[in-house]
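Hydrogens, waters and symmetry mates play no part in the numbers below; they use all other heavy atoms, side chains included. Throughout, protein chains are lettered first and strands after them, A, B, ... in sequence-line order, and every chain is numbered starting at 1.
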Amino acid sequence: MINETIKSSLRQAMGELGISPIPSDINLERPANRDHGDWSSNLALVISKEAGRQARELADEISEHINGNLPEGVVGVSTAGPGFINFKVSLSWLYQILIEVLEKGSTEFGRLEIGDGLNVNVEFVSANPTGPLHAGHARGACYGDAIANILSAVGYSVHREFYMNDRGLQMQIYGQSLQARKEGTAVPEEGYGGEYIIEWASLMPEGLTLPEIIDWGCAHAQLDQQETLAGLGIHFDTWFSEKSMIENGDIEKVLGDLTAGNASYEKDGATWLSSTTFGDDKDRVLVKSDGELTYLTPDVAYHRNKYERADWLINVWGADHHGYVARMKAAMHALGNDPDDLSIQITQLVKLVRSGKEVKLSKRQGDIIELRSIIEEIGSDATRFMYLLQSVDSKQTFDLELAASHAMENPVYYVQMAHARLCSIGRKAEEEGFSQVNLSVQELEILTHEREIEILRLLELFPEVIDLSARELAPHKIVTWTRDFANAVHGFYHDCYVIGEDVSPKLTNARLNLVVASRIGLKVGLDLLGVNAPDKM
RNA sequence: GCCCUCGUAGCUCAGUAGGAUAGAGCGACCGCCUCCUAAGCGGUAGGCCACAGGUUCGAUUCCUGUCGAGGGCGCCA
């Protein structure tokens, strides 16, 4: 890599000049301003105090020395500002990137090996099986699936998991609600009042007992949720049943082990987890005085089970669950698991608007906004792209009308259009009798237009973006890159004709290489997000 | 009262493991189609990076506090 070459040239120069201390880790960054070169080091600023010399003076000395013997791929070194050392890299480096992209194709380009095959379990959505998925589940669904894609691309072995709370009080109430609707009696006080209950009850077979109704209702809700998720292209490897842990004794076992480990105690007729010992702000009840389990206990058993199956656990939770992070980590700690192996990602709320007005209720059902109806309204691609548009750390507002529009202010269409245009060039080339042939660095040197260089620079940057988005579990960084890249593609499309009378065949060929590589880059980005890359629009 | 996330252009948001002149899209205004999709491209205007301290050669970025927005603080799930 070029930055390694630069780092070692800095080290070598310092050694030869007798400047110390030489830091173990030399920091190289990409300057925001291109005039400052392609790579920049703050080395002189960092060591100036310890070296007892002025930073600018050190920088001048080092850059002059390196200029006397430039490393391969570097065309110039200069100093600027308070003491930055700036490197300008040869364009041939960028042509090599282009060749690499073409060789790797959309199945290999951008793939990294930072995951080292580690097993990571990504648990997301995990809605109660008591009704259809609604708008509140959408962000977690899109986010969880995207990080699963990204982690998989950087070398983790990824498992997607959905945890079903298929037992307990909520299921009882759900069953009673279905039963009431089936029999035409009043839905219980705290019951489910949604329209869907009426519809589902009508689909239910006659004459079922309450436990049978619950089983049927659970299966039906699961099926409904699976369908909706499939509409977004989301598929889980495991639908983990809470009930199964009652049946196989896992919950009993976890309670026993907590007691044996002195991590729980009896008080006021209830069993408590000593979570304060492990960093929580208060102790939590595991078994209520009436003998019922709290929601926490099966959850603890479930997480322990996941620890046995994976090296790294990722949970995607809504903002309303942030208060449970400390207790879950405490419980895992108490069971002897490393709480750092559990990453809990909190997604902030999303407000939906339609032409500027907040949408709280669904038009059709009059109650909840079903996720299904959002997908129907704006499509799977727009749903995913819009929900991934920004960091999950901040609350989001987006306009359904905008997301559904086929207009330039819609970011989904902007990016997909860039891909379609690249394909359109390919079709045109074929019609004109050109076929894309991979070229050498020398043949690619004809690509010197500002627009072309911009595309190459973005392609070069992309693996770093993927790396960062994986480390930070931040798919929106991929989105930002695809938008920037689409912008570069549209600019190229506008200014650089690939086929035309005043374009030489050599240039056409070189540009076709660029077009195909761009298509690969954009496709890789959209694939990671789970958004289609259409050939035409 | 305590905890979590956020506060950047008129609007929606990027950026920040501390770096040089803080970016994009939309909206506004002005331009650009005989030609691979104008679903596009370019330009102009628009900023005390909420506020106040601290650390640092350097802070929008880190720390503390204040203010503001949203979400949580059950033997509910």
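Taking only side-chain nitrogens and oxygens, A:Tyr493 never comes nearer than 4.0 Å to OP1 or OP2 of B:rC33. Proximity of A:Asn410 to the phosphate of B:rC26: no side-chain N or O atom is located under 4.0 Å from OP1 or OP2. Taking 4.0 angstrom as the limit, A:Tyr324 places none of its side-chain polar atoms (N or O) nearer than this to OP1 or OP2 of B:rC4. Distances shown here put a side-chain N or O of A:Lys288 below 4.0 Å from the OP1 or OP2 atom of B:rC76. Put simply, A:Ser394 has a side-chain N or O that comes within less than 4.0 Å of OP1 or OP2 on B:rA14. One finds a side-chain N or O of A:Gln390 lying less than 4.0 angstrom from the OP1 or OP2 phosphate oxygen of B:rC13.
Across all strands shown, B:rG40 forms a Watson-Crick or G-U wobble pair, both distances under 3.5 Å, with B:rC32. Nucleotide B:rU21 forms a pair with no other nucleotide shown, judged by Watson-Crick or G-U wobble geometry with both contacts under 3.5 Å. As the counterpart of B:rG27, no nucleotide is assigned, since no Watson-Crick or G-U wobble pattern has both distances under 3.5 Å.
Between the side chains of A:Asp283 and A:Ser274, no donor-acceptor pair is found at a separation under 3.5 Å. A donor and an acceptor atom, one from each side chain of A:His321 and A:Asn315, are nowhere located under 3.5 Å apart.
Using a 4.0 Å heavy-atom criterion, one finds that A:Leu349 contacts the sugar-phosphate atoms exclusively. Here A:Gln170 lies in heavy-atom contact (under 4.0 Å) with sugar-phosphate atoms only. Using a 4.0 Å heavy-atom distance criterion, A:Lys428 is classed as a sugar-phosphate-only contact. If you check every strand for non-hydrogen atoms under 4.0 Å, A:Cys423 touches nothing. Residue-level contact check: A:Arg451 touches the backbone only, with heavy atoms under 4.0 Å from sugar-phosphate atoms and none from bases.
Aromatic ring pairs are classed by plane angle as parallel below 30°, tilted from 30° to 60° and perpendicular above 60°; the pair A:Trp239 and A:Phe162 is parallel.
Between the side chain of A:His322 and the base of B:rC3 there is at least one donor-acceptor pair of N/O atoms closer than 3.5 Å. For B:rG19, the base has a donor-acceptor partner in the side chain of A:Asn42 [N/O atoms by modelled type, under 3.5 angstrom]. If you check distances only, the side chain of A:Ser405 never reaches the base of B:rA39 with a donor-acceptor pair under 3.5 Å. One donor-acceptor pair, N or O on each side, does fall under 3.5 Å between the base of B:rA20 and the side chain of A:Asn86. One N or O donor and one acceptor, one from the side chain of A:His494 and one from the base of B:rG40, sit under 3.5 Å apart. A:Ser48 contributes no side-chain N or O that forms a donor-acceptor pair with the base of B:rC57 under 3.5 Å.
Where stacking is scored as ring centres under 5.5 Å apart with planes under 30°, A:His36 registers as stacked on the base of B:rA20. The aromatic ring of A:Tyr295 is not stacked on the base of B:rC76, since the criterion of ring centres less than 5.5 Å apart with planes inclined by under 30° is not met. Here A:Phe84 packs flat against the base of B:rA20; its ring centre is closer than 5.5 angstrom to the base's six-membered ring, tilted by less than 30 degrees.
Within the 4.5 Å cutoff, the side chain of A:Val415 has no heavy atoms near those of the A:Val531 side chain.
The side chain of A:Tyr497 approaches B:rC35 more closely than any other nucleotide in the set B:rU16, B:rC35, B:rA20. Residue A:Lys477 places its side chain closer to B:rG15 than to any other of B:rU21, B:rC41, B:rG15. The side chain of A:Asp320 lies closest to B:rG71, out of B:rC75, B:rG71, B:rA20. Taking only side-chain atoms of A:Arg421, from C-beta outward, the nucleotide of B:rA38, B:rG15, B:rG74 with the closest atom is B:rA38.
In this entry the base of B:rC73 is anti relative to its sugar, with a glycosidic angle more than 90° from 0.
A:Glu464 pairs in a salt bridge (charged side-chain N to carboxylate O under 4.0 Å, His left out) with only one of the listed residues (A:Arg457, A:Arg471, A:Arg30, A:Lys477), which is A:Arg30.
With respect to the salt-bridge test (charged N to carboxylate O, under 4.0 angstrom), the residues A:Arg354 and A:Glu377 qualify.
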